[in-house]
Protein chains: 4
Amino acid sequence: MPLADGETPEGPRPAPGPASGTTRAPDSGRPPGSGPCDGPRRGRPRSEGVERAVFDAVVELLESGVPLGDVSIERIARTAGVGKATIYRRWSGKEDLLVELVRSIEPPDPELPGTSVRDDLVMLLEFMRRRGLAKRTSALLRNMFAQMQAHPRLWDQYHRTVIEPRRRRGIEVLERGVATGEVRADLDLELVNDLFTGPLLLRTVLMPDADLSPDFPARVADTILAGVRPRP
Amino acid sequence: MPLADGETPEGPRPAPGPASGTTRAPDSGRPPGSGPCDGPRRGRPRSEGVERAVFDAVVELLESGVPLGDVSIERIARTAGVGKATIYRRWSGKEDLLVELVRSIEPPDPELPGTSVRDDLVMLLEFMRRRGLAKRTSALLRNMFAQMQAHPRLWDQYHRTVIEPRRRRGIEVLERGVATGEVRADLDLELVNDLFTGPLLLRTVLMPDADLSPDFPARVADTILAGVRPRP
Amino acid sequence: MPLADGETPEGPRPAPGPASGTTRAPDSGRPPGSGPCDGPRRGRPRSEGVERAVFDAVVELLESGVPLGDVSIERIARTAGVGKATIYRRWSGKEDLLVELVRSIEPPDPELPGTSVRDDLVMLLEFMRRRGLAKRTSALLRNMFAQMQAHPRLWDQYHRTVIEPRRRRGIEVLERGVATGEVRADLDLELVNDLFTGPLLLRTVLMPDADLSPDFPARVADTILAGVRPRP
Amino acid sequence: MPLADGETPEGPRPAPGPASGTTRAPDSGRPPGSGPCDGPRRGRPRSEGVERAVFDAVVELLESGVPLGDVSIERIARTAGVGKATIYRRWSGKEDLLVELVRSIEPPDPELPGTSVRDDLVMLLEFMRRRGLAKRTSALLRNMFAQMQAHPRLWDQYHRTVIEPRRRRGIEVLERGVATGEVRADLDLELVNDLFTGPLLLRTVLMPDADLSPDFPARVADTILAGVRPRP
DNA sequence: TAATAATCGAGACGGTACGTCGCGTCTTCTG
DNA sequence: CAGAAGACGCGACGTACCGTCTCGATTATTA
């Protein structure tokens, strides 16, 4: 989501759709009590096209201006040309579906230059900035973000798998900075990390039209590193 | 949301929305609380008790653990002992109602000590922290925030009346700091203001369980004022 | 209603609107417990224009094709430019209003020639036929008739004041016929009266588009008087 | 209503309505009870139990004294334990539902003795008399009748499928009577048929409490056959 | 002349029903 | 057996009227 750092969608991402293959673990739809799962499944196998069709339908709806609250399962099924039961067989509901959609869109983490703490932080912030600006995903993600606030279970899951790892990366960068002497050793690094990422979240979430010019990451990083009080 | 202010809307923001005015169409009646209009209103005046009953019902439902998505107009009306039409006569829908509810709950702005920039900033942050923690308003506000993201008109209104004034106050504090020499004169104060408020927003919105201990405002302020890089 | 014999609406009826004056007895609106009713009423007297405006509004609505089921009190009040409470002050509800409207439209009974039973019966039937055909009142009355079936109290009242008196007249004609030898003395005259009026009701109510040519009354009367079986 | 037949619709009636066909728009599904259409219907078939449950609920409500005006779709659904949408899926509204209900209750036509015109006519009238008296159907049908008056489309349909066939039978009996010499050959048989059925309609519809004793059909038939004027 | 009292238009009020839509489950037929 | 189709019970949606009530304004009679 907007605050998590990511990659520009116009950048190296090969395919904007769902990733190849059906790499899904939490298949809650299989009727419990069936036999061992390693054997070759009997009956008609699940169509590979369904996930793609469903995700495409959701993205198409959201991009065409439909508010996320109006994106009902019924409508997704109609748009995708898919039966409702087929959707419920794979996901437990709209929220579950959306989480997976978001995860599938999430770009891979950026490579850091490692030249200095300052450069690494700017790079992380720049990725977040590009994520927040990305044309198509921006509104979508903001909507999702809003939606998920109301669904704690899914929010937790997203937090665990997306937000927290990136937070870790920022802290690791700072820890390296402490080791090299670039960062004061007497600071709570979790708090410092929030100092860097908070402003970007604020402008992305609360002020979608605000200034997010390319030099924003550098200005934030430099100001925090140097401090606001005049130096003697 | 309430605990963060942002950027000035007259600043670099190109267009604050389709129409900056108060385009509140569905509420054709007088907004309750305003003075007497010119013409003497005809017909039975609206009961003063309805707003109270409705707001109380919503708060009661949310406090009793009902998720905001399940707080339907129907249920509000039932709980408040009020007709649905009476609700729709005053508000255009659930979101509109919630915006007004939040506004009615909004506490008055804090008095600033004025002893120093640092003290004033800590006070502002402390005020925001308490707002985010307040028992009843916390979950409510977080949900509200989510809801409003999808409704630009309401969001604009809330931004104008709640967020923007507070943002102004922060910037004024910083300007005074520049005048007294407590703050570097070469900084973009809007950005600096976001540095202070961003972290609090981040922890409140993204990490509801995170550390929001009483010393958080002071730690944020001191770290940003002093800077992260070691001083020579 | 359509089966009750009456007068042609294009005939001697002087004014199609409500009769002059406010000759209303069943005024249920007066608050019980007030003083003696002969004394001059205090307060503002009821406007004479209200009954007229309300009746006109109802007729206007029905004539403009609005089904009677859609003629709500609300709509009547709106159309008449009258307050709802003003209507309820005079009538207990829609049914009550409609009964009075119908009564006010009901034309006076016809004069009978008295030359013979056959001529009198034809005259009665002819009045019924014209009533059923009357351009504006026809659909209106059919609607009312339908409506009243579902409201026993009002139906009873209408029956007592409109239907039954006319039924009496038919029987009186037949009794005179028995006295003059024009009618068999061994017959149940109530049943005979129904033989004459039934066919007209049938064609008016069940078959609005059916044959109601001017000679219908004569054909009915002559056939029943002569009998269907061939005379020896 | 059911106890009266009327005139042939192909006769002098100029236009039976806007469209003589079966313009039943809202019921897009197969009318239950018809044979298999060409294409094998897809999706879950409509439950057979729903019609029964709904009809039973309506009859139960009416029998327990609920006025038909208070029999709302909402209440029917509640009583039948059925969703509102399920009702609207089959019928376009209350009237449509009631028409089908009445049709389903309609008893089969009587066998005629064929011994004489007089006996056949008495039998037809007796059948109608019993229909009008039947415990459960009586009030229901009277109300139905009232409802349908205001809905031409439904009335047409009922007329076509219920009233008209019965009317035909009566005229056939009379035609046979002309052939056997039991009936005068110079009469308009449609009118004669109305002479017989009209009185029964009159007493059933206009005078629910009137005399409908078992000998009523015979008295009507005999009086009309013999004529009211004394025979020389 | 002023007070009193009932009327007027207007419209808010707590309800009930409307007809539609989406929910998540189910039941059919086709591949 | 998967999948499209769609019926099912349920419940919320936003609207329309119901009949009652409360307003300010109007219009008579009574003091």
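Computed from a predicted structure; not experimentally measured. Per chain, numbering begins at 1; letters A, B, ... match sequence-line order.
Considering every non-hydrogen atom in both Ile76(C) and Ala57(C), the closest pair reads O-CB, 4.0 Å. Ala53(B) approaches Ala80(B) most closely through the heavy-atom pair O-CB, 3.6 Å. The shortest non-hydrogen separation linking Glu51(D) to Trp91(D) is CG-CZ2, 3.9 Å. When all heavy atoms are compared, the tightest approach of Asp70(A) to Arg75(A) is O-NH1, 3.5 Å.
Qualifying side chain to side chain contact (heavy atoms under 4.5 Å, CB included) partners for Ala77(A), counting only residues two or more places apart in sequence or in other chains: Lys84(A), Ile87(A).
Along DNA chain F, the nucleotide nearest Arg75(B) and the nucleotide nearest Val71(C) are compared for position; the residue whose nucleotide lies closer to the 5' end is Arg75(B). Nearer the 5' end of DNA chain F, as judged by each residue's closest nucleotide, is the contact made by Gly83(A), out of Ile73(C) and Gly83(A).
Closest to the side chain of Tyr88(D), from the set dT20(E), dC23(E), dT20(F), is dT20(E). Closest contact between the side chain of Lys84(A) and the listed nucleotides dC13(F), dT22(F), dC23(E) involves dC23(E). Checked against dC13(E), dC17(F), dT7(E), the side chain of Arg44(C) finds its nearest nucleotide in dT7(E). With dC18(E), dG9(E), dT22(F) as the choices, the nucleotide that has an atom nearest any side-chain atom of Val82(C) turns out to be dG9(E). The Arg89(B) side chain lies nearest to dC13(E) when the options are dC13(E), dG22(E), dA7(F). In this structure, of dC13(E), dA25(F), dG9(F), it is dC13(E) that holds the atom nearest to the side chain of Arg90(B). Distances were taken from every side-chain heavy atom of Val50(B) (C-beta onward) to each of dC13(E), dT25(E), dG15(E); the shortest belongs to dC13(E).
Put simply, CD on Glu100(A) and CZ on Arg90(A) are 10.0 Å apart, with the number rounded to the nearest 0.5 Å. Taken from CG in Leu61(D) to CD in Glu63(D), the straight-line distance is 10.0 Å, to the nearest 0.5 Å. Atom OG in Ser47(D) sits 10.5 Å away from atom CZ in Arg52(D) (nearest 0.5 Å).
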Pairing of DNA chain F as dot-bracket, 5' to 3': ( ) intra-strand, [ ] crossing, | other strand, . unpaired, with Watson-Crick or G-U pairs under 3.5 Å? |||||||||||||||||||||||||||||||
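A straight line from CD1 of Ile76(B) to P of dG14(F) spans 11 Å, rounded to a whole angstrom. The interatomic distance linking Glu51(C) (CD) with dC8(E) (C1') rounds to 13 Å, in whole Å. With rounding to whole Å, Trp91(B) atom CH2 is found 13 Å from dA12(E) atom C1'. Rounded to an integer number of Å, the gap from CD of Glu74(B) to C1' of dT16(E) is 11 Å. The nearest whole Å value for the distance from the CG atom in Leu68(C) to the P atom in dC17(F) is 14 Å. Per the geometry, CD belonging to Glu48(D) stands 20 Å off P belonging to dC26(E), to the nearest Å. Straight-line distance from the CG atom of Asp70(B) to the P atom of dG22(E): 18 Å, rounded to whole Å. As a whole-Å value, the separation of Asp96(B) CG from dC13(F) P is 15 Å.
Between Thr86(D) and dA7(F) there is no side-chain polar atom (N or O) within less than 4.0 angstrom of OP1 or OP2. At the phosphate of dA12(E), neither OP1 nor OP2 sits under 4.0 Å from any side-chain N or O atom of Ser47(B).
Contacts of Gly81(A) with the nucleic acid, taken as non-hydrogen atoms under 4.0 Å apart, involve only primed sugar atoms and P, OP1 or OP2. As judged by a 4.0 angstrom heavy-atom cut-off over every strand, Ala85(C) is placed among the base-contacting residues.
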